[in-house]
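Have a look at the structure below before the remarks.
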Amino acid sequence: MRHGDNPHRVNRIGWLRAGVLGANDGIVSTAALIVGIAAASTDRHGIILAGTAALVAGAMSMAAGEYVSVSSQADTEKADLELEKRHLADDPAAELEELAGIWRDRGLSAGLALEVAKEFTAKDALAAHARDELGLSDEFVARPVQAAVTSALTFSAGAALPLAAALLAPPQAIILAVSVASLLFLAGLGAVGAALGGAPRLKASVRVAFWGAVALGATALVGRLFGAAV
Ligand SMILES: [Zn+2]
C-alpha cells in the first residue's frame, strides 16, 4: 500500500473488487450462454444443462486464472524481498539513508527521519523496507490459493442467479426472465460495489448493466442465427 492511502478502504476494495468482478463474470457469462441457447432451442433440459456446465467451467477457469496471476505476483514480491535482503546485507548504511530519505519525503525533518529509520532498522530492517519502500504489507501479501477459491466461489454465486431464473421461468419466458433478472442483479451489484468503494453508484450500475445488456444481445443474436441455420 502506498502511504497516504486509507488502509481500510484500500484493503476492502482489494477483496471487494475480486468478489464483485467474480460475481459479475458469473452473471454475464452464464446469462449470455443461457440466452444464446434459449434463442436457438426450446429444449428446457438442454438449456439448464448448458447453464450448469457454464457455471462449473467458469468457476474452474476463474480459479485457474486467478491462481496463475496471483502466483506470479507472489513470485515478484518474493524476488523483490530477496533483492532487498541482499541490499541490506551488502550496504546497510545506504539502506538506512534510503529509509531516512523516504521519511523525509513524507514530511519529517532530517533529524527525526534518521531517528525513525534507525529505530525501524533496529527492530526489523527488512519489514521496514518491504513496507515503506516496496509498498508491501502483511495484509497485501499475494495469496494464490485464497484468491483462486474466492474467485471460484463468487463466480459460482453470480452464475447461480441467471441459472435460478431459468429454472423458475416458464419455458417460453426463459430469455426474458434471465435477461431481466441478470440486468437487475448486475445493476445492484454495481451499486453495492460502488457504494462500498466510495464511488458514484448510479454511474456504476448503468455502466455494468449496459455492458451486460450488450453481452446478452450479442449471444441472443448468435443463438438466433445459428438456431435458424442448423
Ligand atoms: Zn531498501
Side-chain angles (χ1 to χ4, degrees), residues 1-26 59-155 158 189-190 192-201 203-204 207-208:
M1 154 191 16
R2 300 286 159 217
H3 65 272
D5 289 337
N6 175 341
H8 299 292
R9 176 149 283 183
V10 170
N11 192 24
R12 208 165 56 192
I13 286 175
W15 280 98
L16 187 80
R17 201 177 149 269
V20 168
L21 282 181
N24 251 357
D25 274 5
M60 295 297 113
S61 147
M62 288 285 287
E66 196 69 358
Y67 184 83
V68 169
S69 124
V70 177
S71 291
S72 73
Q73 192 191 330
D75 288 345
T76 309
E77 288 175 5
K78 217 192 230 162
D80 279 348
L81 279 177
E82 283 305 318
L83 191 66
E84 199 58 38
K85 215 184 266 177
R86 257 209 329 272
H87 287 167
L88 280 166
D90 292 348
D91 196 350
E95 288 298 310
L96 179 68
E97 170 46 33
E98 182 187 45
L99 196 55
I102 290 170
W103 284 100
R104 282 198 303 274
D105 289 345
R106 289 180 186 176
L108 296 189
S109 67
L112 187 55
L114 186 62
E115 206 63 33
V116 167
K118 272 184 181 159
E119 238 176 80
F120 277 133
T121 301
K123 195 173 159 225
D124 186 345
L126 186 60
H129 282 260
R131 186 184 59 233
D132 295 331
E133 185 191 343
L134 303 176
L136 304 176
S137 71
D138 268 353
E139 50 193 333
F140 267 91
V141 172
R143 296 187 177 88
V145 174
Q146 219 169 345
V149 171
T150 305
S151 308
L153 287 180
T154 52
F155 182 95
L189 202 59
V192 169
L196 287 170
R201 293 174 213 189
K203 210 166 129 190
R207 187 169 49 207
V208 80

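Counting starts at 1 for both ligands and their atoms, in listed order.
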**Report entry** Gap separating the OG atom of Ser151 from the CE atom of Met60, nearest 0.5 angstrom
**Finding:** 11.5 Å
Requested in this report: Would you mind reporting whether Leu134 and Leu81 have side-chain heavy atoms less than 4.5 Å apart?
Outcome: yes
Query raised in the report: Are Lys118 and Glu115 within salt-bridge range, i.e. N to O under 4.0 Å?
Result: no
Query raised in the report: Are Glu95 and Glu84 close enough that some pair of their side-chain heavy atoms sits under 4.5 Å apart?
Result: yes
Query raised in the report: Do other residues, nucleotides or ligands put more than 12 heavy atoms under 6.0 Å from the CZ atom of Arg104?
Result: yes
Query raised in the report: In Å and rounded to the nearest 0.5 Å, what is the CG to CG distance from Leu83 to Leu88?
Result: 10.0 Å
Query raised in the report: Which protein N, O or S atoms lie under 2.8 Å from the Zn ion (ligand 1), given by chain and residue number?
Result: Glu84 OE2, Glu95 OE1, Glu98 OE1, His129 ND1, Glu133 OE1
